[in-house]
Each structure stands twice: as structure tokens, then as C-alpha cells.
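No experiment lies behind these values; they were computed from the predicted model shown. Atoms within a ligand are numbered from 1 in the order they appear, just like the ligands themselves.
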Amino acid sequence: MLTKPTTDPRRLIVFTDLDGTLLDHDSYSWAPATPALAKLRRLAVPVILTSSKTGAEIARLHAELELDAPYIVENGAGIIFPEQEQSPAAAAQNFSRTYPELLAFLHQLRHKHNFKFRGFGDFSVAEVAAETGLPLEKAALARERRFSEPLRWDDTPAALAAFTEILEANDLKLLRGGRFYHVLDHRAGKGNALHRLLDHYRRNTPGADWYSVALGDGPNDEDMLDAADLAVVIPSASSIGPKPHNPNVLHAGQRGPQGWNSAILQILDSYETKE
Ligand SMILES: [Mg+2]
């Protein structure tokens, strides 16, 4: 529960997972979170969308929510800065291997070791739609990758172990997702991305003491929940929820955007930020 004084002068920053957290698990609606979102906007609290989705997939939601803060994409493998996406400073926030370089590396490994896998870079949009169950338009956005590669493993567990070892020796890692394995930079991850963005805010607001709140509903949110000053666990629609080690944790009473809304309003009440 909240342990800080009610007149904490530190500036709030909110990091949130999307599916099952800010967005309803079934309808993808964020409408029930409108009161809390409006209050955060009035207080100029940055809301950082943090997701396994691509920038192309998140851009529309980011616009709908009228956010101007950066957002974290592809499981923390990249950070999109909407204002200055093309600047060298913004590019430096992301990792060294570009997506074409990552694909070239993976294809070279496949050729050399005869691994059997297919990734989004191998799939057409229609194949991504068939593999994911997404409609074509959304499959096209999911295929617009910039930082990480989801792949379908069609080989043995022993080959997967060998593949993982080679990735790790080359500063990459493998995350197991729902349908796919994801290859990303070894420094990627929602928690690391949270730290990198906080550094960005600290550089741009000298003297400000940021207090980070992270909200999530899944095991892939655990490192983000642990990286924040306050973790908000949203009850999961599936049976597996996150088990953060963060001692400062608030368990929302309801799922999805309803839980998101009440947790944020509760935090803002206890925070008594001056309007
Ligand atoms: Mg989720």
C-alpha cells in the first residue's frame, strides 16, 4: 500500500501496459478510465504507454488519448518520441541493431545452423493475419517492426536451446510470448525502458524528483512493476497475473480500465498534488 506522505512534492509519471490494463481485455475500450486520464492531463502528468505492440499499432491510441509523451514499444525494445522521432538524440534512446540488421543476423543463423523458424520478416501481411488472428489492416501495423522480431519456432527444443545460447552470446535475448518467441536486444524490456525514459525526463527537468507509478496485468509487466516507485497490479483476465517483488504495491479492485481508473484516482487523492 501507499507509504509516502500525502504532501509528497515529487512529480508523478505513469507507465501503463495496454491490453487488460488500460484497455479492456475483450472490447479494447479505455472509456472507463476517462476520469483518471482527464485528471492526469489537467495535472500535466506524463502517461507513458508501454506495450509489446509496434509503434504503428500504438500511434492511433496515442492520438486518441491526446498524449504527447513518448511511448515504449515492442516489449521495451524501442521508445518512440513523437515530437522528435528523427533526431539523433531520439535515435540514441534505442538500441544499436536496426531491424534490418537484426533480420540479417537471424537469417544468417538460420542458414548456418539449419534452424527451422519463420518470423514476421518472412511472413506476408496475410500470413501475419493468419498466424495472429488479426484482421488484415491490423496485421499490417503489427508487421511494421523497428526493434524486435517475433518468430514461430518450428524446430526441436534442443535446437531452441542452442539458438538461445547463440543469441545470448550476441547481446540478444529471447522472450516467450503468447504465440511467438520474440528476439530483442539483451538490454530491452519494459523495466529497462522505464529507467531509460526516467533518465530522459531527469535530463530535461533538472532538479525535478520524479515518482513513477507502473500499472500492469501480466507476467511480462513484472520488471516494469519492480522498476517503478509504486506498482499497481490490475487483476488479470487470464489466471496468470504478475507477481512483482516491489514492496510498494497497490492491488486494483477491478479488472482493466475500471481498476486503472480507481487506482489512479486513489493515488492522486493520497498525493494531493496542487492543481
Ligand atoms: Mg496486459
Side-chain angles (χ1 to χ4, degrees), residues 13-34 36-37 40 46-62 64-65 67 69-80 120 131-134 138-139 141-142 145 147-148 150 173-182 184 188-194 197 212-228 230-246 249-264 267:
I13 181 167
V14 172
F15 293 81
T16 181
D17 171 53
L18 297 182
D19 290 353
T21 299
L22 177 58
L23 304 180
D24 183 271
H25 181 262
D26 300 313
S27 71
Y28 297 103
S29 168
W30 48 268
T34 304
L37 284 163
L40 290 172
V47 175
I48 313 292
L49 306 180
T50 308
S51 174
S52 60
K53 293 180 195 296
T54 65
E57 288 177 287
I58 297 173
R60 185 185 293 175
L61 176 68
H62 187 262
E64 262 176 36
L65 293 169
L67 299 175
Y71 46 105
I72 294 169
V73 303
E74 298 185 34
N75 280 310
I79 300 175
I80 306 287
F120 275 31
E131 291 282 335
T132 57
L134 291 171
K138 293 201 166 162
L141 299 178
R145 316 216 54 96
F147 310 105
S148 67
K173 66 179 173 187
L174 194 66
L175 282 189
R176 183 171 199 163
R179 291 169 206 265
F180 302 102
Y181 288 90
H182 299 260
L184 34 157
K190 289 181 169 186
N192 285 341
L194 180 150
L197 253 188
S212 55
V213 175
L215 304 94
D217 76 320
N220 68 332
D221 297 317
E222 271 169 22
D223 64 331
M224 172 176 78
L225 294 170
D226 285 340
L230 172 63
V232 178
V233 173
I234 303 286
S236 177
S238 67
S239 55
I240 310 157
K243 294 184 180 58
H245 303 287
N246 192 333
V249 59
L250 176 68
H251 289 271
Q254 299 147 287
R255 286 178 186 168
Q258 286 87 357
W260 201 100
N261 189 61
S262 18
I264 290 289
I267 292 162

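Of all N/O/S atoms in D19, O sits nearest the Mg ion (ligand 1).
In the displayed structure, K173 atom NZ is contacted under 6.0 Å by more than 12 heavy atoms of other residues, nucleotides or ligands.
The pair D19-K53 meets the salt-bridge criterion, since a charged nitrogen lies less than 4.0 angstrom from a carboxylate oxygen.
Between the Mg ion (ligand 1) and D221 there is no N/O/S contact shorter than 2.8 Å.
Side-chain contact, S29 with D24: no donor N or O sits under 3.5 Å from an acceptor N or O.
Remark: at the Mg ion (ligand 1), atom OD1 from D217 and atom OD2 from D17 enclose 80°, rounded to the nearest 10 degrees.
Not one N or O on the side chain of D17 forms a donor-acceptor pair closer than 3.5 Å with the backbone of G216.
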